[in-house]
Amino acid sequence: MAAEKPSAGPLEQDELAELGEFSRECFPERPAGPSFLRWLYLDLPGSKTYVAREGTRVVAISAAFHRHYAWGGETCVVREPFDFFALPGPLSGGYLFSVSRAHTSTEPCLAVGGSEAFLKNAKRIGFREVGEARSYLLPLHSEVAADLAERKLPALPAPARALASKVATRLYWGPSAFSLRRRQGRLIPTNSVEGIARLYLESDVSAQLPDQGSLDWLAKCRHPADSQFLPFRCEDSAGNLVGWALLRVLRTNAGIQGEIVEVFSRDLSAYEWIVPVIVRILQGYAVSLIRCRASCPALGAALRRTRFLAGDPLPILYTGDNRPRGRVHVCRNTADVPIRPYA
């Protein structure tokens, strides 16, 4: 009997068992039960998942969120791909190309960095670089700084790494009290993004627009490791809305961690007081570290002045014909970054 011809297409509800087998092999650190897979790949608002199959066996996947962006002077739908992966084999490259083209051939796609497999194939499937972002990390405990120092120096002998760890423990004292006193406004808790999209549209920026449906979905997330999402309106001292922030408190085996999922201000100078206020808020949850990602130079400068440590640059990749207008603004709000880890 001839083998069934390979095929690619949207993920169907009745394929979750086959997808579970694929997920256990490719993503062993995640849950692989049908409720999780349905939540991640079928139920997320504005998401689409394509798979490649050999018979009934799933051999490749490419999932993406559909987001609304202010881009090139207009609003448009942009897909943010994630989980770009194929089982090893002679046809894996072709499978990845077919499932990714299902996204890029219909709407523009945007990605920030990505897996080795994705970056290797990015240019082939139509991505080009339109900017760069950096990851930032603020250790709030000396033990975290010590651990970072030891892991950043893997080539040194063990005694030298241990010495670096001790020095970091003694010298690191977190963000200065002076930097956290800078305050020219306030962050007000909110459950609504009303009026916030206008700030993006009135700025010289290309960025994802806040969406009430996505915010509501995040607020009732069940599957990510114990998380709490905290949205805020940013108002200056006169009570004018200048921006917003979405924070995350994440409880992990390594302790409580904080994340700045998104922070945006129409007034670039406002980052100088918004970032310290965010740090004070997250310190109130006893977080041991805070993560952020930024493409905006003004935001990056404010993070560094509050003693965030800058990581390596990550390419911002895009497939659309419409060029970005002004600066490209991304934080940790792209693809599935705000909901990782999954367990």
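Computation of the quantities below employed the complete heavy-atom set of this structure, encompassing side-chain atoms and omitting hydrogens, waters and symmetry-equivalent molecules. The structure presented is a predicted model; accordingly, all values stated were derived computationally and were not measured. Sequence positions, counted from 1, serve as the residue numbers for this chain.
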Return the set of residues passing side chain to side chain contact (heavy atoms under 4.5 Å, CB included) with P315 (not counting sequence neighbours), or none when no residue passes. L119, E129, L317
Is there a salt bridge (Lys or Arg N to Asp or Glu O under 4.0 Å) between R305 and E272? Walk through the geometry before answering. CA-CA 8 Å; R305 272 192 279 274; E272 292 296 327; 2.4 Å; yes
Between Y136 and L247, is there a shared hydrophobic cluster once you connect ILVMFWY residues whose side-chain heavy atoms come closer than 4.5 Å? yes
Can you hop from L314 to L303 via hydrophobic side chains spaced under 4.5 Å? no
Step through the shown structure and confirm whether more than 12 heavy atoms of other residues, nucleotides or ligands are within 6.0 Å of CG on D321. no
Kindly indicate whether a cation-pi arrangement holds for R304 with F308, taking the cut-offs as under 6.0 Å to the six-membered ring centre and within 45° of the axis.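 Checked: cation-pi criterion not met.
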Determine the minimum heavy-atom distance between P31 and S23, stating which atoms define it.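 Where P31 meets S23 most closely, the heavy atoms are O-OG, 4.2 Å.
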Hey, would you say the Y200 and Y69 ring centroids sit under 6.0 Å apart?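 Not under 6.0 Å, so no.
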Contacts of F84 that satisfy ring pair (Phe, Tyr, Trp, His ring centres under 6.0 Å) - sequence neighbours left out: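 For F84 the ring pair (Phe, Tyr, Trp, His ring centres under 6.0 Å) partners, ignoring immediate neighbours, are F118.
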Are any of the side-chain nitrogens in R67 or D211 under 4.0 Å away from the carboxylate oxygens of its partner?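 Here R67 does not pair with D211 in a salt bridge, since their nearest N and O are not under 4.0 Å apart.
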Salt-bridge present (E18, R57; N to O < 4.0 Å): no
So, the side chain of S288 versus the backbone of I256: is there a donor-acceptor pair under 3.5 Å, distance only? yes
Can you confirm whether C26 sits close enough to L87 that some side-chain heavy atom of one is under 4.5 Å from a side-chain heavy atom of the other? yes
Just say parallel, tilted or perpendicular for the rings of H329 and F264, cut-offs at 30° and 60°.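 If you compare the ring of H329 with that of F264, the planes turn out perpendicular.
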